[in-house]
Q: 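Pasting a structure here, questions to come.
Bear in mind the structure is a predicted one, so any value in this text is a computation, not a measurement.
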Amino acid sequence: MLNPRETYRVLVAKLETARQAHTIDGVETIIKPIPDTDVTGDLDPRVLAVIKGYAASEPETSFDLASARASMGWPNRDVTTMDITTDHVMIPSADGDIPARLYRPRTDETLPAILFFHGGGFFGGTLDTVENPCKLLAETANALVVSVDYRLAPEHPFPAGLNDCFRAVEWVYDQAEELNVRQYRIAVAGDSAGGNLATACCLLDRSNKTSMIRFQALVYPVVNLGSIPTDDYAWTLDHYEIKHHHDLIRGVVRALGDSEDLLNQIYLQGKAELTDPLVSPLFADDVTGLPPALIITAEYDYLRLEGEAYARKLARDGVPTRLIQYRGMDHAFMDKLGDYPQAEDCMIEIANGMKEMTR
C-alpha cells in the first residue's frame with residue numbers, strides 16, 4: 001500500500017506521459033486527463049475534496065479587500081530534488097525599487113532566465129505563495145527564476161504593476177552578465193493576473209522594439225478583463241462538459257465571473273478602457289511577432305474560454321502556440337503544489353515548452 005506521497009509521485013509520473021494531442025482550430029492542443037480515474041465531466045477527486053471543504057464554510061456576503069487578500073494562496077510544498085538557492089534583491093526603478101526573489105540551481109553554468117509574475121487579481125497574491133512553484137521551475141527548466149513583487153491595486157492602479165514587471169524584464173536583460181544568464185534566453189511566465197502581465201510585457205517588448213523576451217508561459221491567464229464578447233469569444237456555460245456534481249461544478253466555474261465589475265473598479269480606476277490591449281490582450285489588433293506561447297488552462301475555470309480564444313488569436317497571427325488543458329482542475333491549481341500532481345506537471349510543461357519552442 002502506497003503512502004500519500006508515494007501515490008502523489010506515481011500520479012505525477014502518469015501525467016508526464018498521459019496526454020491526448022490534437023490540432024484544434026490551428027492550435028497544438030494537449031489534453032491531460034485526470035491521472036487516476038477514467039471518469040469525464042467531473043472534478044479531479046482532490047479538487048472535489050477541497051471544494052467540498054470550502055462549501056462547508058460560511059460564504060462572504062460582500063467583497064472585502066483585506067479578507068480577499070488574506071484568503072489567497074495555499075500552503076504548498078517544496079518538491080525540488082536539488083539545492084535551489086534563494087536571493088532577495090531590489091530591482092532599481094524610477095517608480096521605487098521593486099522587491100524580487102532569485103531562484104537558481106547551484107551551478108556555475110550560464111542559465112536561461114524566467115521572470116515569474118504571481119496571480120491575485122492584480123490586487124493580491126504574494127511571492128510566498130509562488131515560491132515553491134518557482135523553485136521547481138528553476139530545477140525543471142535549469143534556469144534562473146526571478147519572482148517579481150510588483151505593485152498592487154487599488155493602492156497602485158494600472159499601469160503600475162505592469163510597469164514594474166516590464167522594468168524587471170529590462171533589468172534582467174541589462175544585467176545578464178552579472179546574473180550569469182543568457183541574454184537571448186529570457187522568458188516571462190505568470191498565473192492568472194500574472195499571465196496577463198506576462199503577455200502584456202511581450203506586447204510592450206514588441207512595441208518598444210526591444211526584443212528581450214523569447215518565450216511566454218501563461219497559466220490560466222486573464223486576457224479579457226471584462227469578459228467582453230468578440231468575433232471568436234463569448235462566455236457560456238455550455239462550453240463546459242458537466243456530467244457529475246452539476247450544481248457544485250457550475251458554482252466552481254462561475255466563481256471567477258466578475259459580475260460586479262470589481263476588477264475594473266480596483267485595477268483600472270478609470271485609467272484605461274477594458275479593451276486596452278495592455279489590460280485585455282485578447283483585444284490587441286495584431287499579435288504578430290510575439291514570442292512563442294504556452295497557454296495552460298483548467299477544465300473548470302471561468303478563464304478557460306478566453307485562454308483558448310487567445311491561443312487561437314496567437315496561432316492565427318503566426319505565433320508558435322501550444323495549449324494544454326488539465327481535465328478536472330479548477331482555477332489556481334498551480335498553488336497546490338505537493339497536493340495536486342497537476343501543479344507539478346504544470347511546471348514541468350513550462351520547462352519543456354521553453355526548451356522545445358525556443359531554439
Side-chain angles (χ1 to χ4, degrees), residues 8-9 11-19 21 28-32 35 76-86 101-107 109-119 130-148 169 172 179-191 194-195 198-199 201-202 213-221 291-298 307 311 320-326 329 333-338 340-359:
Y8 172 88
R9 299 285 0 136
L11 296 181
V12 170
K14 280 188 177 181
L15 280 165
E16 287 195 57
T17 56
R19 53 172 58 204
E28 178 193 356
T29 303
I30 296 169
I31 305 297
K32 294 257 187 169
N76 49 44
R77 283 199 290 119
D78 181 356
V79 297
T80 55
T81 60
M82 64 170 64
D83 186 21
I84 303 295
T85 65
T86 303
R101 295 182 193 172
L102 310 184
Y103 304 101
R104 183 194 300 269
R106 197 172 288 281
T107 176
E109 182 183 353
T110 302
L111 301 175
I114 304 170
L115 291 102
F116 194 93
F117 311 128
H118 66 77
V130 297
E131 174 151 292
N132 288 327
C134 284
K135 289 173 72 174
L136 180 62
L137 184 56
E139 177 179 317
T140 55
N142 192 34
L144 171 70
V145 175
V146 181
S147 187
V148 181
V169 175
V172 171
L179 293 169
N180 198 22
V181 299
R182 288 186 264 168
Q183 193 177 47
Y184 296 102
R185 290 280 287 170
I186 294 174
V188 291
D191 62 307
T199 199
C201 281
C202 295
I213 301 169
R214 300 307 172 103
F215 178 69
Q216 53 179 321
L218 318 177
V219 183
Y220 36 78
L294 170 64
I295 297 178
I296 292 173
T297 65
T321 304
R322 176 180 295 170
L323 177 68
I324 299 178
Q325 182 197 122
Y326 285 93
M329 287 288 105
F333 72 84
M334 189 199 80
D335 292 352
K336 299 176 178 65
L337 181 66
Y340 292 4
Q342 291 88 343
E344 181 164 343
D345 188 71
C346 174
M347 296 297 105
I348 294 168
E349 288 292 354
I350 292 173
N352 290 343
M354 187 171 180
K355 293 168 186 173
E356 295 166 6
M357 300 175 73
T358 59
R359 301 296 182 194

Q: So, do Val219 and Cys346 sit near enough that their side-chain heavy atoms are less than 4.5 Å apart?
A: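 Yes, close enough: below the 4.5 Å cut-off.
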Q: Please evaluate residues Val188 and Val169 with respect to the criterion side-chain contact (heavy atoms from CB on, under 4.5 Å), reporting the C-alpha separation (whole Å), side-chain torsions for both, the decisive distance (0.1 Å), and the verdict.
A: CA-CA 8 Å; Val188 291; Val169 175; 3.9 Å; yes
Q: Taking Arg106's backbone N and O only, do any of them form a donor-acceptor pair with Asp83's side chain (distance below 3.5 Å, no angle check)?
A: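 It does not hold such a pair.
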Q: On a heavy-atom basis, which atom in Leu218 and which in Gly195 lie closest, and how many Å separate them?
A: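 Closest approach of Leu218 to Gly195: CD2-O, 3.5 Å.
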Q: Determine whether Met334 and Tyr340 make a side-chain contact, defined as any pair of heavy atoms from C-beta on separated by less than 4.5 Å.
A: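 No - every pair of side-chain heavy atoms lies 4.5 Å or more apart.
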Q: Heavy atoms, side chains only, cut-off 4.5 Å: are Thr321 and Leu294 in contact?
A: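 The answer is no; the side chains never approach within 4.5 Å.
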Q: When you measure from the side chain of Lys32 to the backbone N and O of Leu15, does any donor-acceptor pair fall under 3.5 Å?
A: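 Yes.
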Q: Would you please say whether a donor-acceptor pair under 3.5 Å links the side chains of Thr81 and Glu139?
A: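 Present: a donor and an acceptor within the cut-off.
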Q: Please tell me whether Tyr326 and Asp345 have a donor and an acceptor in their side chains that are separated by less than 3.5 angstrom.
A: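 Distance-only check passes for Tyr326 and Asp345.
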Q: As a test of understanding, state which of Leu144, Val145, Val172 forms a side chain to side chain contact (heavy atoms under 4.5 Å, CB included) with Leu115.
A: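 With Leu115 as partner, side chain to side chain contact (heavy atoms under 4.5 Å, CB included) holds for just one option, Val172.
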Q: Between atom CD1 of Ile350 and atom CG of Leu137, what is the distance when rounded to the nearest 0.5 Å?
A: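 Result: 5.5 Å between the selected atoms.
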Q: Test side-chain contact (heavy atoms from CB on, under 4.5 Å) on Phe116 and Val130 and set out the steps.
A: CA-CA 9 Å; Phe116 194 93; Val130 297; 4.0 Å; yes
Q: Taking C-beta and beyond as the side chain, do Val148 and Phe117 meet within less than 4.5 Å on heavy atoms?
A: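 With C-beta onward as the side chain, the pair touches.
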Q: Which pair of non-hydrogen atoms, one from Glu109 and one from Asn180, has the smallest distance, and what is that distance?
A: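 What the structure gives for the nearest pair is O-ND2, 3.3 Å.
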Q: Looking at Lys135 and Ile84, what are the two nearest heavy atoms and their distance?
A: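 Result for this residue pair: O-CG1, 3.9 Å.
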Q: Roughly how far, to the nearest 0.5 Å, is the CD1 atom of Ile186 from the SG atom of Cys201?
A: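 With rounding to 0.5 Å, SG (Cys201) is 12.0 Å from CD1 (Ile186).
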Q: Regarding Glu344 and Arg9, does a basic nitrogen lie under 4.0 Å from an acidic carboxylate oxygen?
A: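 Salt bridge: yes.
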Q: How close do Phe333 and Gln342 get, counting heavy atoms only, and between which atoms?
A: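 The answer is CE1-O, 3.7 Å.
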Q: Rounded to the nearest 0.5 Å, how far does CE of Met354 lie from CG of Asn142?
A: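 That separation rounds to 10.5 Å.
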Q: Using every non-hydrogen atom in the two residues, find where Lys355 and Thr140 come nearest and quote the distance to one decimal.
A: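 So the two residues come closest at NZ-O, 2.9 Å.
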Q: Determine whether Arg101 and Glu131 satisfy the following criterion, side-chain contact (heavy atoms from CB on, under 4.5 Å), listing intermediate values before the conclusion.
A: CA-CA 9 Å; Arg101 295 182 193 172; Glu131 174 151 292; 2.8 Å; yes
Q: If you measure from CD1 on Ile348 to CG on Leu136, what distance do you get to the nearest 0.5 Å?
A: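 The distance works out to 6.5 Å.
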Q: Give, for atom CG of Asp335 and atom CG of Asp191, the distance between the pair rounded to the nearest 0.5 Å.
A: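 The CG atom of Asp335 sits 6.0 Å away from the CG atom of Asp191.
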Q: Tell me, do Thr358 and Arg185 make a side-chain contact under 4.5 Å, heavy atoms counted?
A: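 Yes, their side chains come closer than 4.5 Å.
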Q: Can you find a heavy atom in the side chain of Ile324 that is under 4.5 Å from one in the side chain of Ile295?
A: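 In short, these two side chains do not touch, never coming nearer than 4.5 Å.
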Q: Can you tell me how far the CD1 atom of Ile296 sits from the CZ atom of Arg322, to the nearest 0.5 Å?
A: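 Between atom CD1 of Ile296 and atom CZ of Arg322 there are 10.0 Å.
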Q: Using modelled atom types only, decide if a donor and an acceptor are shared between the side chain of Asn76 and the backbone of Gly338 within a distance under 3.5 Å.
A: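 Judged by distance alone, no pair lies under 3.5 Å.
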Q: Can a donor-acceptor pair be found, under 3.5 Å and without considering hydrogens, that links the side chain of Gln216 to the backbone of Ala187?
A: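 Such a contact is absent between Gln216 side chain and Ala187 backbone.
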Q: Can you see which heavy atom on Pro105 is nearest to which on Leu111, and at what distance?
A: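 Closest approach of Pro105 to Leu111, heavy atoms only: CD-CD1, 3.8 Å.
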Q: Think Arg77 forms a cation-pi with Tyr8, using NZ or CZ under 6.0 Å from the six-ring centre and within 45 degrees of its axis?
A: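 Arg77 over Tyr8 ring: yes.
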